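Some notes on the structure that comes next.
Scope of the values below: all heavy atoms of this structure, side chains included, with no hydrogens, waters or symmetry mates. Being a predicted model, the structure only gives us computed values, none of them experimental.
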Amino acid sequence: MGAKMDLIDQRFGFLTAVRPDGLRRGTTMWLCQCDCGRVCHAQRSGLRYGRNRSCGRVGCKAKVHRLKQPFQGIAATVVKGSEAAPCSA
């Protein structure tokens, strides 16, 4: 059970992995708790690679909370050859 237990209590976006919940098409499914309180299932690979980050409910409080946060600027750099040049936005 060691490999299946590696996600317990880990956070993936707004989801917290609770326990493994069987197999679907050969992939381990996880029971997850969203920050909004809803419980959902997600594939292990979806959690690990960022495809599943919330319960997916349209009115999910976790998503609403994220949208209400003020915008924070993103710094980007374009790399040309071996030199880095800042992007002009």
Side-chain angles (χ1 to χ4, degrees):
M1 273 237 156
K4 290 184 181 180
M5 302 301 284
D6 65 346
L7 301 184
I8 291 178
D9 292 329
Q10 288 188 34
R11 292 191 49 87
F12 302 92
F14 298 113
L15 296 176
T16 302
V18 176
R19 63 178 168 87
D21 200 33
L23 294 174
R24 185 179 299 162
R25 296 183 183 152
T27 302
T28 302
M29 298 300 292
W30 281 81
L31 183 69
C32 298
Q33 176 85 40
C34 186
D35 288 350
C36 74
R38 190 169 180 213
V39 176
C40 64
H41 290 89
Q43 290 184 347
R44 179 179 185 263
S45 60
L47 293 170
R48 304 263 326 218
Y49 297 112
R51 290 188 299 270
N52 299 102
R53 302 188 49 79
S54 73
C55 65
R57 191 171 109 206
V58 175
C60 178
K61 292 179 186 175
K63 286 184 179 181
V64 171
H65 172 72
R66 182 181 67 201
L67 293 174
K68 287 184 179 178
Q69 292 178 348
F71 176 75
Q72 295 178 356
I74 300 172
T77 302
V78 175
V79 177
K80 294 180 180 178
S82 61
E83 297 179 25
C87 287
S88 58

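Separation of atoms CG (N52) and SG (C34) is listed at 11.0 Å; rounding is to 0.5 Å. With values rounded to the nearest 0.5 angstrom, T27 atom OG1 is found 10.0 Å from R44 atom CZ. The distance from the CG atom of L15 to the CH2 atom of W30 is 13.0 Å, given to the nearest 0.5 Å.
When all heavy atoms are compared, the tightest approach of V18 to Q33 is CG2-N, 3.9 Å. Closest non-hydrogen pair, R11 versus D35, comes out as NH2-OD2, 2.8 Å. Considering every non-hydrogen atom in both G13 and R53, the closest pair reads CA-NH2, 3.5 Å.
Salt bridge present: D6 and R48 bring a charged side-chain N and a carboxylate O closer than 4.0 Å.
Within the 4.5 Å cutoff, the side chain of L31 has heavy atoms near those of the H41 side chain. Counting heavy atoms from C-beta on, the side chains of L47 and C32 come closer than 4.5 Å.
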Going through the checks in order, is the side-chain contact (heavy atoms from CB on, under 4.5 Å) test met by F12 and L7?
-> CA-CA 10 Å; F12 302 92; L7 301 184; 3.7 Å; yes
side-chain contact (heavy atoms from CB on, under 4.5 Å) evaluation trace for D21 with R19 = CA-CA 6 Å; D21 200 33; R19 63 178 168 87; 3.0 Å; yes
Where do S54 and R38 land on the side-chain hydrogen bond (donor to acceptor under 3.5 Å, both in side chains) test, with the steps shown first?
-> CA-CA 9 Å; S54 73; R38 190 169 180 213; over 6 Å; no
Given R24 and Q43, is the side-chain contact (heavy atoms from CB on, under 4.5 Å) satisfied, shown in steps?
-> CA-CA 8 Å; R24 185 179 299 162; Q43 290 184 347; 5.6 Å; no
